[in-house]
Amino acid sequence: MVRFTLFGIPVIIHPWFWLTLAFLGGLFDAVTPERMLYMSLFVFAGTISILVHEFGHALTGRRLGGGMASIELLAFGGLAYNQGGRFTRSQRFWMIAAGPGAGFLLLLLLILLLIAAFGPFDGLSLVQRHLFGSGSGLSERTADFFRERVPLLVLIRHFLWINFWWGILNLLPISPLDGGQITALFVRPQRRVHQIAIAAAALVVFFAIAHHQLYMALLFGFLGWKNMQAIQMKVR
């Protein structure tokens, strides 16, 4: 377990957090030094990205509602606390939205750095290629640069992918994701919030199975099941 304080906010990182990231980054395929390096780069990019996300929550919450902010990174993600904070519904909305917002700002910063370093054509081509599997070919100069620095290219891909796709998934209306928490602020009764979450989770599971994404199918299947349990608990 790692503990430190940054911007006056205590942070705890549990070992299971890194183990989960290693699994997502290809732990079972890391049978060569090269693959081990790429997996480690994924863990690094995931750690930084999730910390940025959670600091978005914590700093905004401290600013808007006060309280004692803290962050904890666990096996399946992170949690930001604001113990003793007092929030209106509007303030809570902005505190929740600040998490994915911070991730998208990090993504935008990386895109601007790529454009500044390699020009608009190559910079945006790198983004398109690593986010959507499309994009034009790179100039010879940029291709040569990354041909000699493959780990850097892999790290850039991880940062782009995590801060875009994980940010999108996190905004789905599925509790306890940020999108589900935002839904709960505006939808009543609470039963309907869970019903929306179950429907959204089912769609993600269907998509994940169709694209052979076993971990995503299991994760969102679990989230859908938890929301179903929440409905059953309220019925009782």
Side-chain angles (χ1 to χ4, degrees), residues 1-14 16-17 20-21 46-109 162-201 204 219-220 222-236:
M1 186 181 300
V2 174
R3 299 172 183 264
F4 62 92
T5 299
L6 186 62
F7 304 122
I9 297 175
V11 178
I12 300 175
I13 305 179
H14 294 266
W16 286 105
F17 170 77
T20 302
L21 283 180
T47 300
I48 297 300
S49 299
I50 293 175
L51 277 174
V52 167
H53 177 105
E54 297 305 330
F55 269 104
H57 288 312
L59 290 171
T60 303
R62 188 173 67 182
R63 171 86 175 178
L64 294 178
M68 295 293 294
S70 62
I71 292 172
E72 194 168 5
L73 302 189
L74 305 160
F76 291 101
L79 292 171
Y81 306 96
N82 280 84
Q83 294 181 345
R86 296 178 177 273
F87 302 94
T88 64
R89 183 168 67 171
S90 174
Q91 289 172 332
R92 181 157 179 77
F93 167 81
W94 287 113
M95 181 185 71
I96 296 170
F104 289 135
L105 283 176
L106 178 60
L107 174 67
L108 178 61
L109 175 61
I162 289 170
N163 286 284
F164 182 78
W165 289 114
W166 284 12
I168 294 295
L169 288 174
N170 190 50
L171 285 173
L172 293 176
I174 303 172
S175 179
L177 302 180
D178 289 336
Q181 293 183 53
I182 290 173
T183 302
L185 293 176
F186 301 101
V187 175
R188 293 289 185 273
Q190 188 67 27
R191 179 186 180 89
R192 188 169 300 168
V193 175
H194 295 302
Q195 290 171 336
I196 292 171
I198 292 167
V204 176
L219 173 60
F220 281 89
F222 174 75
L223 293 177
W225 175 70
K226 291 295 287 184
N227 279 274
M228 195 174 299
Q229 273 195 322
I231 292 177
Q232 293 171 348
M233 290 290 290
K234 285 178 171 56
V235 169
R236 292 174 190 172

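Keep in mind it's a predicted model, so treat the numbers as computed, not measured. Numbering starts at 1 and runs along the sequence shown.
Note: L172 CG to I196 CD1 = 12.5 Å, rounded to the nearest 0.5 Å. The CG atom of L169 sits 9.0 Å away from the CG atom of L219 when rounded to the nearest 0.5 Å. Distance check, rounded to the nearest 0.5 Å: CD1 of I198 to CD of Q229 gives 10.5 Å. For the atom pair L64 CG and T88 OG1, the distance stands at 8.0 Å (nearest 0.5 Å). Atom CD1 of residue I71 and atom OH of residue Y81 lie 10.5 Å apart, to the nearest 0.5 angstrom. With rounding to the nearest 0.5 angstrom, the OG1 atom of T60 is 9.5 Å from the CZ atom of F87.
Side chain of N227 to backbone of I174: no donor-acceptor contact under 3.5 angstrom is found. Between the side chain of H57 and the backbone N or O of M95, at least one donor-acceptor pair lies under 3.5 Å. The main-chain N or O of I12 is never found under 3.5 Å from a side-chain atom of E72 such that the two would form a donor-acceptor pair. Listed for the Q181 side chain is a donor-acceptor partner under 3.5 Å among the backbone atoms of P176. With hydrogens and angles ignored, the 3.5 Å screen pairs no side-chain donor or acceptor of R192 with any backbone N or O of V187. Side-chain atoms of S70 never come within 3.5 Å of backbone atoms of P10 as a donor-acceptor pair (strictly under, hydrogens ignored).
Taking all atoms of both residues into account, the shortest heavy-atom contact from A58 to A69 is O-CB, 4.0 Å. Residues L21 and G46 share a closest heavy-atom pair of CD1-C, 3.9 Å. Nearest approach of G66 to N82, heavy atoms of both residues: O-ND2, 3.5 Å. For the pair A102 and G56, the tightest heavy-atom approach, listed with the atom from each and the gap, is CB-CA, 4.0 Å. Looking at every heavy atom in both residues, T183 comes nearest to P173 through OG1-CB, 3.3 Å. Nearest heavy-atom pair across G78 and I50 is N-CG2, 4.3 Å.
A side-chain contact (heavy atoms from CB on, under 4.5 Å) with F104 is found for one member of L171, N163, L109 and no other, namely L171.
The number of heavy atoms from other shown groups lying within 6.0 Å of CZ (F186) is above 12. Counted within 6.0 Å of CH2 on W94, heavy atoms from surrounding residues, nucleotides or ligands total 12 or fewer; the atom is thus considered open. Applying the 6.0 Å contact sphere to CZ of R86 captures no more than 12 heavy atoms from other residues, nucleotides or ligands. In the displayed structure, R62 atom CZ is contacted under 6.0 Å by more than 12 heavy atoms of other residues, nucleotides or ligands.
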Quiz prompt | Verdict with supporting geometry, E54 and I9, side-chain contact (heavy atoms from CB on, under 4.5 Å) | solution = CA-CA 11 Å; E54 297 305 330; I9 297 175; over 6 Å; no
Exercise. For side-chain contact (heavy atoms from CB on, under 4.5 Å), just list the numbers for L185 and I96, CA-CA rounded to whole Å, side-chain angles, deciding distance to a tenth of an Å, and then say yes or no.
Key: CA-CA 10 Å; L185 293 176; I96 296 170; 4.1 Å; yes
Practice problem: For the pair I182 and F93, evaluate side-chain contact (heavy atoms from CB on, under 4.5 Å) and give the outcome as yes or no after the intermediate values. | Solution: CA-CA 6 Å; I182 290 173; F93 167 81; 3.9 Å; yes
